[in-house]
Amino acid sequence: MSEDRYDPHAIERKWQQVWEREGTWQVPNPGEPGYEQGAPKSYVLEMLPYPSGEPHMGHLKNYSMGDVLAHFRRRNGMMVLHPMGYDAFGLPAENHAIKTGEHPAVSTGKSIEEFRRQFRSWGISIDWRREFGTHEPSYYRWTQWIFLELYERGLAYRKRAPVKWCPKDQTVLANEQVIDGHCERCGTAVVVKMLEQWFFKITDYAERLLEDLAQLDWPDRVVTMQRNWIGRSEGAEVAFGCAEPPIDFPVFTTRPDTLFGATFFVIAPEHPDLERLVQGTEHEQDVLGYVQQALSESVAERANTEREKTGVFTGRYVVNPVNDERIPVWVSDYVLMDYGTGAIMAVPAHDQRDFEFAKKFGLEIRRVVEPVEDEARDDEPFVAHSGEERLINSDGFDGMTSPEAIRAITAWLQKRALGGPAVNYRLRDWLVSRQRYWGAPIPIVYCERDGIVPVPEDQLPVLLPDIEDYAPKGKSPLASSDAFVNTTCPKCGGPARRETDTMDTFVDSSWYFLRYCDPRNDRAAWERAIVDHWMPVDQYIGGVEHAILHLMYARFFTKALADMGWLGFQEPFAALFTQGMITYEGAKMSKSKGNVISPSPIVERYGADTARCYILFLGPPEDDVDWSDSGVGGRHRFLNRVWRLDVEPLEDADAAADVEGDARALMRKAHETIAALTGDIHRFHFNKALARLDELVNEIYRLPDADPRARSFATAVTASLLFPFAPHLASEVYERVTGLRVWEQPWPVADPAFLKREMVQIVVQVNGKVRDSIEVAAGTEDDELKRAALERPNVQRHLDGKQVVREIVVPGRLVNFVIR
RNA sequence: GCGGCGGUGCUGGAAUUGGUAGACAGUGCGGCCUCAAAAGCCGCUGCCCGAAAGGGCGUGUGGGUUCGAGUCCCACCCGCCGCACCA
């Protein structure tokens, strides 16, 4: 085979045609023809791509990794589900439409076409029969159905609330889509607006989302991020009552032991009861003016902790339930509506922020917890909380330690129905309305008589209409389509208006992994038995940037749908691997920055096998790497060397069982490689796996005169192990050597008989420094080892007649002489 | 501030339990082949001393444990990531 050149394009075309023709990577559902009863299933899933432009290096890496695992698991006897689809709704396509007038469906369609073409050219082993885009009515029909299911159970609700608004994209955003006060998509500073919007009640699941993290085989840092995001904290809820007007203000605190130190009260500018509180008072104008100003500031400005505290007095007082003291109510933007109850008791002696506020406005600072030592100064708050401090100025609780007081005061409150133990979560409900065009319409109509009416299931999908003008105007572009908006009430038949907002695209991607199991079902979103068979995803692979958003939402959907009886499991992704990003010149690749590197020039020049191997050879897959093509040639050279291995056909796998000498060493190397590389794949050490194949191939080249049977065997092993990484070349080489199809062969198993070494190298140290090494038969006795070591001239020189005080022998490893 | 991760040649990286640091690759240099080039093949490529044999140093810094430390312990420095006026 050495005469002809390695022509990756011819080889890749050939094998892709075979797989295409034979449907090699299709996997049947249980009960369908070809389904192997009793074979373990494995669902290998890479996060679905957002189709914009063409694939970049990150996609190549993601799907190459997934493909290695899919192939590996198939050859280990598993039925592998390995599907592909497109997360096709979303802002970039819509913004493109605004700029060019090209309908998002058209630009998205083109992009999908290109993604599909390239994925196929990479030879990724996908069951293409299961492919879909989330923008297809046959898909979003069921997205809408899920919305209605959530609505029916009170998990989707409509509410007027302060929400994050992006002035550039002219749409609301979920909390999770606001990064450091800026829009996740376009980077514009986000502001707060009062709007009526649709929410999903993810907070009902906070505790379970937290608890079930324990059963997941996920990277620690992703689990930590989710835990932080859910933000569970234990404390107490305490009601502070206002007499005039009569309003109760509950607060959450983690420090009920400091209740006697509460000298004032602060509520957030967005607090729904604020207007009522100040109505008709002389402070009303001041307060409303302050609220106006606070709301006009960007979220980022407000989050700046360096800034001096601001606020105004409301003229009202609330009563501290532990001592009946009247304390003044202030409004300030340092209190967030997003956390707790939007109101706080201020304890300036023991909280940094309250302290700053009290200093600025001359409010009382009363210490109620005594420091253990005299470390606390009067010009700063005492916030330490080691458990040893004791209470003062707190009536019957004086002398208790903080932890004791927390329990005692909480119990005291509970007994009098003034409060009690409480758990607070940072997690907020998921805002899903978007005032944008390119998304799944929310399947709701508004009727003057019947109010909010869900679109009946048999009228789904609510189709996204074609429109002329996609430009955002502060409300959904769908609102300008009379034909869409005007409808009849499903209940009373009277005139009604459709909801014109669309759903956040994260809704689409919160259940796509379920649809892959049963993608052509037009009677239901899925059949439970089929989904229960494939799910959960056994190995999920994707970028760490989805650690919170997508992964939290998908978990929530799974739990909610399981509670409804549609699913028989609680967690969607049993194991997760987060790949590192491929940057270019230090920056994240993005179309807007124009620094996207496409894999296609490399595929065109060197072939897909080279591209796949190179992207996995770059380094540990979880690490970020800066793109450079400087090593592509090296991977291509390696594949070329595999191609040029000139060996005789291998009659059968045992042909080389009894070879001797160099051939024996080669056999051992082959078996060692099988053992080590198999472990590498289990641990996602793909770069190491490929390095081991380099070593094996180098060894075959180094021993041109070894028994041809051993060389053939080693070559077949190389092709077999290379297959998950470079499937086309590996198929070709394997077939030429063995006449067989490599993917139909079980994954090779190392033969322990070949792993045993008859000779081992023993390092000889003197005082822990390597001075020589000796080659001895494996299993040589310690005394014999020491004797052999002592004979070495270089060892002698270092011993130099000095006294050996200790001899350490590590079997199979080393001898160390300790001298004085 | 809180939480997490990391620091190894010129570069990407390797080194199960503490046991030959630098596998494998890239880059560079030298050689072979060739009319020439490409491709390929061979050798060298951590720093310092040495003709060589060999020796000294070396895994962010300082200390410790150990016969032996990239690996374990303590302190520190630097970098990256996540969260953050969280009550």
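Predicted model only: the values in this text are computed from it and were never measured. In what follows, chains carry the letters A, B, and so on, assigned in the order in which the sequence lines appear, proteins first and then strands, with residues in each chain numbered from 1.
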Item to check | Closest to side chain of A:R683, choosing from B:A87, B:U16, B:G55 | outcome: B:U16

Checklist entry - Taking the P atom of each, how far is B:G7 from B:U59, in whole Å? => result 14 Å

Checklist entry - So, is B:G9 syn or anti if syn means the angle is within 90° of 0? => result syn

Checklist entry - Hey, does the side chain of A:R771 come within less than 4.0 Å of B:G56's phosphate (OP1/OP2), counting only N and O? => result yes

Item to check | Protein-nucleotide distance (A:H350, atom NE2; B:C86, atom C1'), rounded to Å | outcome: 19 Å

Next on the checklist: Between B:G46 and B:G28, how many Å separate the two C1' atoms, rounded to a whole number?
Outcome noted: 15 Å

Checklist outcome for this item: The nucleotide from B:C85, B:A25, B:A14 with an atom nearest the side chain of A:K688 is B:A14

Item to check | Strand partner of B:A25, provided both Watson-Crick or wobble distances fall under 3.5 Å | outcome: B:U11

Checklist entry - According to the Watson-Crick and G-U wobble definitions, with both distances under 3.5 Å, which nucleotide is paired to B:G70? => result none

Checklist entry - If only side-chain N and O atoms of A:R221 are considered, is one of them under 4.0 Å from the OP1 or OP2 phosphate oxygen of B:C83? => result no

Checklist entry - Looking at A:E356 and A:K359, does any basic side-chain N land under 4.0 Å from a carboxylate oxygen? => result no

Next on the checklist: Rounded to whole Å, how long is the line connecting atom CG of A:L639 with atom P of B:G40?
Outcome noted: 12 Å

Checklist entry - Could you give the CG-to-P distance, from A:L755 to B:U16, as a whole number of Å? => result 18 Å

Checklist entry - Roughly how far apart, to the nearest Å, are B:C24 and B:G9 at atom C1'? => result 14 Å

Checklist entry - Will you find, in the side chains of A:T610 and A:Y6, an N or O donor that is under 3.5 Å from an N or O acceptor? => result no

Item to check | Residues from residues 222-240 of chain A lying under 4.0 Å of RNA chain B - heavy atoms | outcome: A:T224, A:M225

Next on the checklist: Using atom C1' in both nucleotides, what's the gap between B:G19 and B:U66 to the nearest angstrom?
Outcome noted: 12 Å

Checklist entry - Once you round it to whole Å, what is the distance between C1' of B:C85 and CG of A:D354? => result 10 Å

Checklist outcome for this item: Taken to the nearest whole Å, CD1/A:I344 to P/B:C86 is 10 Å

Checklist entry - Salt bridge or not for A:R757 and A:E672, using N-O below 4.0 Å? => result yes

Checklist entry - For the base of B:C85, is there a side-chain donor-acceptor partner from A:K309 under 3.5 Å away? => result yes

Item to check | Nearest-nucleotide comparison on RNA chain B, the residue closer to the 5′ end among A:G340 and A:E695 | outcome: A:E695

Checklist entry - Which of the following nucleotides, B:G19, B:G40, B:G26, is nearest to the side chain of A:S630? => result B:G26

Checklist outcome for this item: Of A:V763 and A:D623, the one whose closest nucleotide on RNA chain B sits nearer the 5' end is A:D623

Checklist entry - Does the gap between the ring centers of A:W430 and A:F506 come in under 6.0 Å? => result no

Checklist entry - Is the shortest side-chain N/O distance from A:R635 to OP1 or OP2 of B:G26 below 4.0 Å? => result no

Checklist entry - Quick one: A:H546 NE2 to B:C81 C1', roughly how many Å, whole number? => result 16 Å

Item to check | Check: A:F264 ring centroid to A:F361 ring centroid under 6.0 Å | outcome: no

Checklist entry - Any side-chain N or O of A:R426 under 4.0 Å from OP1/OP2 of B:A84? => result yes

Checklist entry - Side chain of A:F617: nearest nucleotide among B:G26, B:A25, B:A87? => result B:A25

Checklist entry - Considering only B:C85, B:U16, B:G40, which nucleotide approaches the side chain of A:L336 most closely? => result B:C85

Checklist entry - Think A:K769 has a side-chain N or O under 4.0 angstrom from the OP1 or OP2 of B:C57? => result yes

Checklist outcome for this item: Between CG of A:N640 and P of B:A38 the distance, given in whole Å, is 17 Å

Checklist entry - Taking the side chain of A:Y339 as heavy atoms from C-beta outward, which of B:U27, B:A23, B:A87 is closest to it? => result B:A87

Checklist entry - Which nucleotide, B:G55, B:C85, B:U17, lies nearest any side-chain atom of A:N794? => result B:G55

Checklist outcome for this item: B:A75 -> Watson-Crick or G-U wobble partner, both distances under 3.5 Å, gives B:U61

Checklist outcome for this item: note: A:L690, atom CG; B:G12, atom P; distance rounded to Å ~ 19 Å

Next on the checklist: Tell me whether A:R255 is salt-bridged to A:D257, with the criterion being a basic N under 4.0 Å from an acidic carboxylate O.
Outcome noted: yes

Checklist entry - For A:R307 and B:C85, is the shortest distance between a side-chain N/O and OP1 or OP2 below 4.0 Å? => result no

Checklist entry - How about A:F686 and A:F684: are their ring centroids closer than 6.0 Å? => result yes

Item to check | Whole-Å C1' distance, B:U27 and B:U20 | outcome: 26 Å

Item to check | Phosphate contact (B:C41 OP1 or OP2) by A:R641 side-chain N/O below 4.0 Å | outcome: yes

Checklist entry - For atom P, what is the distance between B:A69 and B:U61, given to the nearest Å? => result 15 Å

Item to check | Test log, rule ring pair (Phe, Tyr, Trp, His ring centres under 6.0 Å), inputs A:F638 and A:F617 | outcome: CA-CA 12 Å; A:F638 164 71; A:F617 190 67; 8.3 Å; no

Next on the checklist: Between the side chains of A:E807 and A:K786, is the shortest nitrogen-to-carboxylate-oxygen separation below 4.0 Å, so that they form an ion pair?
Outcome noted: yes

Next on the checklist: Using only atom types and a distance under 3.5 Å, with no angle test, would you say the side chain of A:K164 pairs donor to acceptor with the backbone of A:V190?
Outcome noted: no

Checklist entry - Of the nucleotides B:G19, B:G54, B:A87, which has the atom closest to the A:N816 side chain? => result B:G19

